[in-house]
Amino acid sequence: MMRRRSNRQDAIREIVREKSIRTQRALVDELRALGFSCTQATVSRDVADMGLRKLSEGVYVLAEDLHLQRMLSEFVLSAARAENLVVVKCQPGTASGVAAAIDDADLAHALGSVAGNDTVLVIAESAEGAVTLQDLIEKLADTR
């Protein structure tokens with residue numbers, strides 16, 4: 001039982017980071033598409049256990065991503081991708097803080113980051129990983 005809950009919560013973590021999930025029903029549907037058999041009540045308990053929060057835009061975010069979301073929404077202007085690299089443009093003087101928040105979030109696919117004055121270079125493990133990272137950064141920064 002504990003192993004299944006852990007696997008389901010790992011899947012929830014990935015889903016919430018990769019997609020804009022607005023309802024528990026949508027989360028149940030995403031989990032079922034991945035082969036998990038669960039009810040909305042189960043997902044509701046997972047949401048509470050994991051400390052998921054809703055942003056003002058109405059999408060779920062992980063509790064551990066709240067600091068990242070605050071940093072990105074306040075300081076990030078844009079994100080662009082080239083192969084396995086994501087270039088994040090920031091307000092002048094804020095790139096090192098944004099890079100630290102990205103590194104602290106321990107995001108899947110991110111190998112590390114390098115910061116200048118107003119630019120962060122995030123190195124992803126693959127081009128596909130960079131797409132996922134860019135999408136997450138844009139989602140949390142609300143630059144879409």
Side-chain angles (χ1 to χ4, degrees), residues 1-38 42-43 45-144:
M1 163 103 167
M2 187 63 87
R3 181 164 163 74
R4 280 185 272 165
R5 185 176 79 189
S6 175
N7 290 345
R8 187 179 60 249
Q9 289 185 355
D10 287 343
I12 289 170
R13 188 170 282 105
E14 285 183 40
I15 291 166
V16 168
R17 279 188 168 160
E18 293 178 8
K19 299 184 178 193
S20 293
I21 301 297
R22 296 181 178 277
T23 65
Q24 291 179 6
R25 180 81 239 153
L27 194 49
V28 169
D29 292 343
E30 291 290 335
L31 286 166
R32 285 188 178 155
L34 293 174
F36 290 92
S37 176
C38 55
T42 301
V43 169
R45 283 189 295 275
D46 287 337
V47 165
D49 289 348
M50 296 173 70
L52 265 65
R53 302 285 185 259
K54 272 200 174 182
L55 299 178
S56 59
E57 301 82 41
V59 296
Y60 279 107
V61 66
L62 299 167
E64 63 258 31
D65 289 349
L66 285 175
H67 174 68
L68 176 63
Q69 187 275 329
R70 281 192 290 273
M71 292 295 289
L72 296 180
S73 66
E74 190 168 337
F75 301 121
V76 169
L77 303 172
S78 66
R81 186 184 56 78
E83 296 295 325
N84 70 317
L85 306 174
V86 180
V87 178
V88 182
K89 297 301 281 182
C90 307
Q91 299 285 341
T94 63
S96 62
V98 170
I102 290 170
D103 291 342
D104 288 346
D106 195 28
L107 302 174
H109 311 294
L111 298 177
S113 66
V114 179
N117 179 52
D118 65 353
T119 305
V120 177
L121 177 65
V122 183
I123 299 93
E125 62 191 12
S126 66
E128 295 81 20
V131 170
T132 300
L133 286 170
Q134 180 186 5
D135 288 346
L136 178 63
I137 290 167
E138 288 175 339
K139 171 185 161 185
L140 295 177
D142 198 24
T143 61
R144 291 183 180 182

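To the nearest 0.5 Å, atom CD of residue E125 and atom OG1 of residue T132 are 9.0 Å apart. Between atom CZ of residue R53 and atom OH of residue Y60 there is a gap of 11.0 Å, rounded to the nearest 0.5 Å. Separating the CG atom in N7 from the CD1 atom in I12 is a distance of 11.0 Å, to the nearest 0.5 Å. One finds the CG atom of L27 at 7.5 Å from the SG atom of C38 (value rounded to the nearest 0.5 Å). Atom-to-atom distance recorded for L111:CG and D103:CG is 10.5 Å, nearest 0.5 angstrom. Atom-to-atom distance recorded for Q9:CD and E14:CD is 13.0 Å, nearest 0.5 angstrom.
No donor-acceptor pair closer than 3.5 Å links the side chain of R81 to the backbone N or O of A79. The backbone N or O of A124 lies less than 3.5 Å from a partner atom in the side chain of N84, making a donor-acceptor pair.
Salt bridge K139/D135: absent, no basic N to carboxylate O contact under 4.0 Å.
Within the 4.5 Å cutoff, side-chain heavy atoms of L34 are placed close to those of I15. At a threshold of 4.5 Å between non-hydrogen side-chain atoms, the residues T94 and D118 do not count as touching. Counting heavy atoms from C-beta on, the side chains of L136 and E18 never come closer than 4.5 Å. Two residues are said to be in side-chain contact when any heavy atoms from C-beta on lie closer than 4.5 Å; Q134 and V131 fail this criterion.
Smallest separation of non-hydrogen atoms from A130 and V86: O-CG2, 3.5 Å. The two residues G116 and A95 come nearest to each other via the heavy atoms O-CB, 3.2 Å. The two residues A101 and M71 make their nearest non-hydrogen contact at CB-CG, 3.8 Å. Taking both residues in full, the closest heavy atoms of L133 and A108 are given as CD2-O, 3.6 Å, listed atom of the first, atom of the second, then distance. V59 and S20 get closest at one heavy-atom pair: CG1-CB, 3.8 Å. Of all heavy-atom pairs between S113 and I123, the closest is CA-CD1, 4.4 Å.
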Stepwise side-chain contact (heavy atoms from CB on, under 4.5 Å) test for V16 and M50: CA-CA 11 Å; V16 168; M50 296 173 70; over 6 Å; no

Candidate pair E30 and F36, rule side-chain contact (heavy atoms from CB on, under 4.5 Å), full reasoning: CA-CA 9 Å; E30 291 290 335; F36 290 92; over 6 Å; no

Worked check of side-chain contact (heavy atoms from CB on, under 4.5 Å) between V122 and L85: CA-CA 6 Å; V122 183; L85 306 174; over 6 Å; no

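Counting only N and O atoms by type, the side chains of D142 and S73 include no donor and acceptor under 3.5 Å apart.
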